[in-house]
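Below is one structure, written out as structure tokens; the observations come after it.
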Amino acid sequence: MGFPTRINHFLSFLLIFCSFCWGVSSVNDSITSTRFIRDSQTISSSNGDFKLGFFSPQNSTHRYVGIWYLSQTYIIWTANRDQPLINDSSGVLKIHKDGNLVVLNGENRVMWSTNMSASATNTTAQLDNSGNLILRDVSSLTTLWDTFTHPADIAVPSMKIASNRITGEKIEYVSWKSSSDPSSGYFTGSLERLDAPEVFFWYNKTKPYWRTGPWNGRVFLGSPRMLTEYLYGWRFEPNDNGTAYLTYNFEKPAMFGILTITPRGTLKLVEFLNRTIFLDFEVDQNECDFYGKCGPFGSCDNSTVPICSCFEGFEPRKPEEWNSKNWTNGCVRNVALNCGKLRNVSEKVEEDGFLEYHNMKVPDFSERSDGDQEKCGADCLANCSCLAYAYDSYIGCMYWSRDLIDLQKFPNGGVDLFIRVPSQLLHAASGGGKGRKYKVLIIGIMGAIGALATAISAYLLWRKFTPKHKGSVLQDEISGKKKEITTKLEELPLFKFEKLANATDNFHFGNMLGKGGFGPVYKGHLENGQEIAVKRLSKTSGQGLEEFMNEVVVISKLQHRNLVRLLGCCIEGEEQMLVYEFMPNKSLDSFLFDPLQRKVLDWKKRFNIIEGIARGILYLHRDSRLRIIHRDLKASNILLDDDMNPKISDFGLARIVRGGNDDEANTKRVVGTYGYMPPEYAMEGIFSEKSDVYSFGVLLLEIVSGRRNTSFHNDEQSLSLVGFAWRLWNEGNIITIIDQEIWDPVFEKSMLKCIHIGLLCVQELTKERPSISTVVLMLISEITHLPPPKQVAFVQKQNCQSSESSQKSQFNSNNNVTLSEVQGR
Ligand SMILES: *[C@@H]1O[C@H](CO)[C@@H](O)[C@H](O)[C@H]1NC(C)=O
Ligand SMILES: *[C@@H]1O[C@H](CO)[C@@H](O)[C@H](O)[C@H]1NC(C)=O
Ligand SMILES: *[C@@H]1O[C@H](CO)[C@@H](O)[C@H](O)[C@H]1NC(C)=O
Ligand SMILES: *[C@@H]1O[C@H](CO)[C@@H](O)[C@H](O)[C@H]1NC(C)=O
Ligand SMILES: *[C@@H]1O[C@H](CO)[C@@H](O)[C@H](O)[C@H]1NC(C)=O
Ligand SMILES: *[C@@H]1O[C@H](CO)[C@@H](O)[C@H](O)[C@H]1NC(C)=O
Ligand SMILES: *[C@@H]1O[C@H](CO)[C@@H](O)[C@H](O)[C@H]1NC(C)=O
Ligand SMILES: *[C@@H]1O[C@H](CO)[C@@H](O)[C@H](O)[C@H]1NC(C)=O
Ligand SMILES: *[C@@H]1O[C@H](CO)[C@@H](O)[C@H](O)[C@H]1NC(C)=O
Ligand SMILES: *[C@@H]1O[C@H](CO)[C@@H](O)[C@H](O)[C@H]1NC(C)=O
Ligand SMILES: *[C@@H]1O[C@H](CO)[C@@H](O)[C@H](O)[C@H]1NC(C)=O
Ligand SMILES: *[C@@H]1O[C@H](CO)[C@@H](O)[C@H](O)[C@H]1NC(C)=O
């Protein structure tokens with residue numbers, strides 16, 4: 001290794017040396033003691049992406065020295081931002097006698113300097129291929145100064161947002177004053193709170209203006225509007241001699257990004273692929289994003305009027321101010337905590353407990369420790385100075401012992417925040433309902449009886465406060481019109497429990513085919529020889545009944561050759577079962593992802609399966625009397641009959657949408673399977689027929705590639721099958737994604753068309769995704785010209801997790817499980 005490295009060094013030395021001796025040689029990416037640039041001249045990085053030279057911003061005649069990417073639209077760094085050359089086009093950028101890089105005006109006055117007091121006087125400045133201008137000592141080649149550690153308002157890949165926890169030194173990014181004035185503006189961005197690092201925007205350097213919330217390795221917990229896709233390639237490098245930094249990078253050299261702190265104090269991200277923009281994203285801000293809008297212990301929700309409110313057990317510190325919408329003084333406790341209180345021996349022992357608030361922005365000043373959620377709660381309760389806690393599976397426990405500040409309630413995302421209150425308040429809350437949406441949680445070391453009593457009352461309370469699922473037609477049906485459902489059940493052929501018990505060998509373990517959404521599925525033989533599949537509602541499944549009812553309602557009305565057929569049901573006592581036709585070939589995933597079985601599915605069969613699934617979905621979306629969104633399409637929910645015809649199954653999560661328009665529906669209850677869920681659904685709970693189209697696209701890519709969407713889980717290179725496919729597509733290499741087992745040049749066109757359709761289905765923007773009828777048309781027609789897919793969306797597992805933190809356990813347990821949760825918000 002040593003030898004080539006030394007050659008490298010020698011070569012780079014030679015390079016610099018030569019550019020030096022032959023002043024105007026071909027190398028034109030450096031400024032040396034003999035080569036300087038005047039206004040109107042530039043130097044470029046050797047890849048041509050970056051240029052260094054003089055420029056004037058739009059609507060300005062001032063001259064500045066800067067570096068730009070591609071064109072002067074993307075100025076990524078400015079030297080003399082606070083010392084422009086005014087009405088002066090004879091400026092010079094050169095290496096000064098003292099070795100510093102300087103900007104001189106027409107009168108040879110130093111307008112800007114790198115200000116190195118170094119001993120080196122013989123230096124050279126080179127613009128490298130990442131856009132970094134590096135000042136080096138010619139003889140030792142050591143870096144004396146570079147623009148990446150002296151940024152302006154922009155971070156490009158591999159730049160660092162760094163802070164030192166010991167010295168407090170920071171790399172600060174300072175916004176422009178306005179879009180036509182690069183001088184140091186009002187907003188500064190820096191990395192803060194290094195235990196749970198987050199980016200702060202400061203106003204006037206001293207006043208916190210906006211914070212992203214802690215970086216958990218995947219997302220910023222306080223910025224649910226920034227999706228993981230936007231944060232792709234970001235990482236946090238922990239402390240190296242006290243210095244920690246956040247940085248980002250793309251593994252693909254064709255990609256480039258510009259992250260800006262704008263003159264308005266917002267964060268803007270522009271990404272390029274092969275030098276063309278493919279993402280332009282600005283984190284929009286609302287009233288609630290202003291740091292500490294509602295003061296200590298105040299919570300901000302921009303969807304309510306007024307936007308600020310106090311938590312339960314708190315009241316405005318200054319009611320008059322508060323009522324006139326000056327919220328800066330926040331809220332104070334109106335009932336003291338019990339913890340630490342002096343008590344007479346005879347007095348009844350009251351503990352504290354926690355009220356849980358969902359989808360919260362984590363307050364500032366967290367302290368952290370490792371542990372699981374339970375430990376977080378117990379630890380917090382045990383320390384009287386702990387006022388609140390939260391848990392994130394990447395960060396661990398977060399505690400607060402200072403006044404809670406900068407709290408916000410998001411419509412989605414955020415964390416579950418547990419705020420300490422005296423337990424009297426928990427009881428009081430049970431009395432004076434007001435229908436607030438929180439769940440009471442009590443952790444405590446109480447007498448056994450007390451605990452039991454509390455548990456019972458908490459349970460009753462929970463029952464009482466579990467909000468009705470608004471906006472869910474089905475759930476209303478379930479709670480309101482149980483009778484109707486019973487009627488529906490009675491319309492179906494009824495099976496006697498005994499008969500099904502016999503058919504399945506008393507639900508013998510050996511007959512279990514798998515687990516559906518709400519319980520195990522058994523294979524059975526009726527006396528007449530017919531084979532059946534029996535889905536049995538498991539008694540332990542919390543939401544089972546609901547899904548069971550849902551499935552009955554949905555499937556009893558449907559008949560299509562690509563949907564699994566319901567034969568009847570059984571309701572006896574506590575037993576509730578659905579009886580289906582038996583599918584001898586099990587589900588698609590058992591073939592597709594089995595190294596031995598996958599050969600059975602040649603391309604013709606696979607294409608038939610793709611088409612069949614599409615037709616089944618089309619029937620659900622368009623052709624049946626109802627419009628139905630399945631919401632859980634995945635390989636394990638596609639069953640195969642004797643002839644390998646696909647049948648869509650498992651309607652436990654399906655939704656009937658009323659009305660004929662394409663309106664999106666919204667749910668607080670995100671259910672489905674990670675990897676198959678489109679981002680707008682996983683992140684925001686918005687679902688529509690296009691959600692099924694997305695899942696279909698993922699399924700299609702799985703069928704063509706023979707790879708599980710989740711098989712990339714441990715592969716840092718790509719996010720998912722979708723991400724992988726998108727990368728190959730952009731590299732012009734998509735053909736390599738096709739399953740080797742089925743590769744046949746005869747079908748190349750057909751295979752490529754399917755991949756193309758798959759990518760169209762997983763596009764990020766729902767409106768760009770084709771409807772399922774278009775998909776069927778594309779599949780069966782001879783159309784050869786399809787629109788090129790635009791940016792696709794891949795939501796990572798972790799992304800879902802942080803946005804719907806209450807579902808962690810399901811996510812953690814198994815990638816392939818279906819999420820479902822009854823608790824509404
Ligand atoms: C560098 O090259 C560009 C064009 O390739 C030219 O316009 C510019 O004047 C050159 N700069 C110097 C200092 O030679
Ligand atoms: C330049 O001025 C024009 C006209 O006043 C305005 O529309 C435009 O937004 C300005 N551009 C910038 C970058 O300020
Ligand atoms: C710069 O020149 C313009 C016209 O050439 C003039 O109107 C303006 O006042 C000058 N500005 C300064 C600061 O000299
Ligand atoms: C360099 O030092 C001078 C004098 O100390 C100061 O005015 C100037 O702002 C400094 N420039 C930079 C780029 O730090
Ligand atoms: C800088 O170093 C180079 C090579 O070592 C030498 O040729 C040149 O004369 C030096 N320039 C100055 C100003 O010392
Ligand atoms: C910014 O802070 C300085 C003191 O640090 C103060 O003099 C100035 O008025 C502040 N500017 C604004 C716009 O708040
Ligand atoms: C950290 O400090 C050690 C000893 O002081 C030093 O050898 C090492 O280079 C430092 N690392 C960095 C990244 O500065
Ligand atoms: C709340 O903020 C979001 C995101 O900034 C915005 O889309 C929405 O319109 C705001 N709602 C209200 C009522 O201002
Ligand atoms: C709100 O009240 C504080 C004093 O409690 C005062 O300093 C501040 O200026 C007030 N803000 C507004 C917008 O009136
Ligand atoms: C304890 O009880 C006595 C008598 O009931 C009362 O005078 C005293 O104030 C109590 N102390 C505390 C700390 O509550
Ligand atoms: C309680 O929490 C405070 C604040 O985090 C901490 O300083 C203190 O050491 C903790 N006490 C115990 C006993 O853990
Ligand atoms: C990007 O450029 C590379 C290399 O030139 C090329 O192989 C690839 O197809 C390009 N991708 C796009 C999307 O243009």
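Start at 1 and go down the list; that is how both ligands and their atoms are numbered. Keep in mind it's a predicted model, so treat the numbers as computed, not measured.
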Between Asn359, Asp289, Asn302, Asp301, which is the residue that forms a side chain to side chain donor-acceptor pair (under 3.5 Å) with Gln408?
-> Asp289

Would you mind listing which atoms of ligand 8 come within a distance below 4.0 Å of any non-hydrogen atom of Asp284?
-> 4 (C), 5 (O)

Hey, is ligand 8 close enough to Asn302 that some N/O pair sits below 3.5 Å?
-> yes

Which ligand 8 atoms, with their elements, are less than 4.0 angstrom from a heavy-atom of Asn286?
-> 1 (C), 2 (O), 3 (C), 4 (C), 5 (O)

Name of the residue among Phe236, Trp215, Phe200 meeting ring pair (Phe, Tyr, Trp, His ring centres under 6.0 Å) with Phe220 | Trp215

Should the pair Asp49-Arg275 be classified as a salt bridge under the 4.0 Å nitrogen-to-oxygen rule?
-> yes

Using only the SG atoms, decide whether Cys300 and Cys288 are less than 2.5 Å apart.
-> yes

Enumerate the atoms of ligand 2 whose separation from the nearest heavy atom of Gln58 is less than 4.0 angstrom.
-> 11 (N), 12 (C), 13 (C)

Would you mind reporting whether Pro789 and Trp726 have side-chain heavy atoms less than 4.5 Å apart?
-> yes

Side chains of Leu417 and Pro363: closer than 4.5 Å at any heavy-atom pair?
-> yes

Residues in contact with ligand 9, criterion: heavy atom under 4.0 Å | Glu321, Asn326, Thr328, Asn329

Salt-bridge test for Lys205 and Glu172: reply yes if a basic N is under 4.0 Å from a carboxylate O, no otherwise.
-> yes

Quickly, which of Tyr203, Tyr209, Trp210 forms a side chain to side chain contact (heavy atoms under 4.5 Å, CB included) with Phe290? Name it, please.
-> Tyr209

Ser303 to ligand 8: N or O pair under 3.5 Å?
-> no

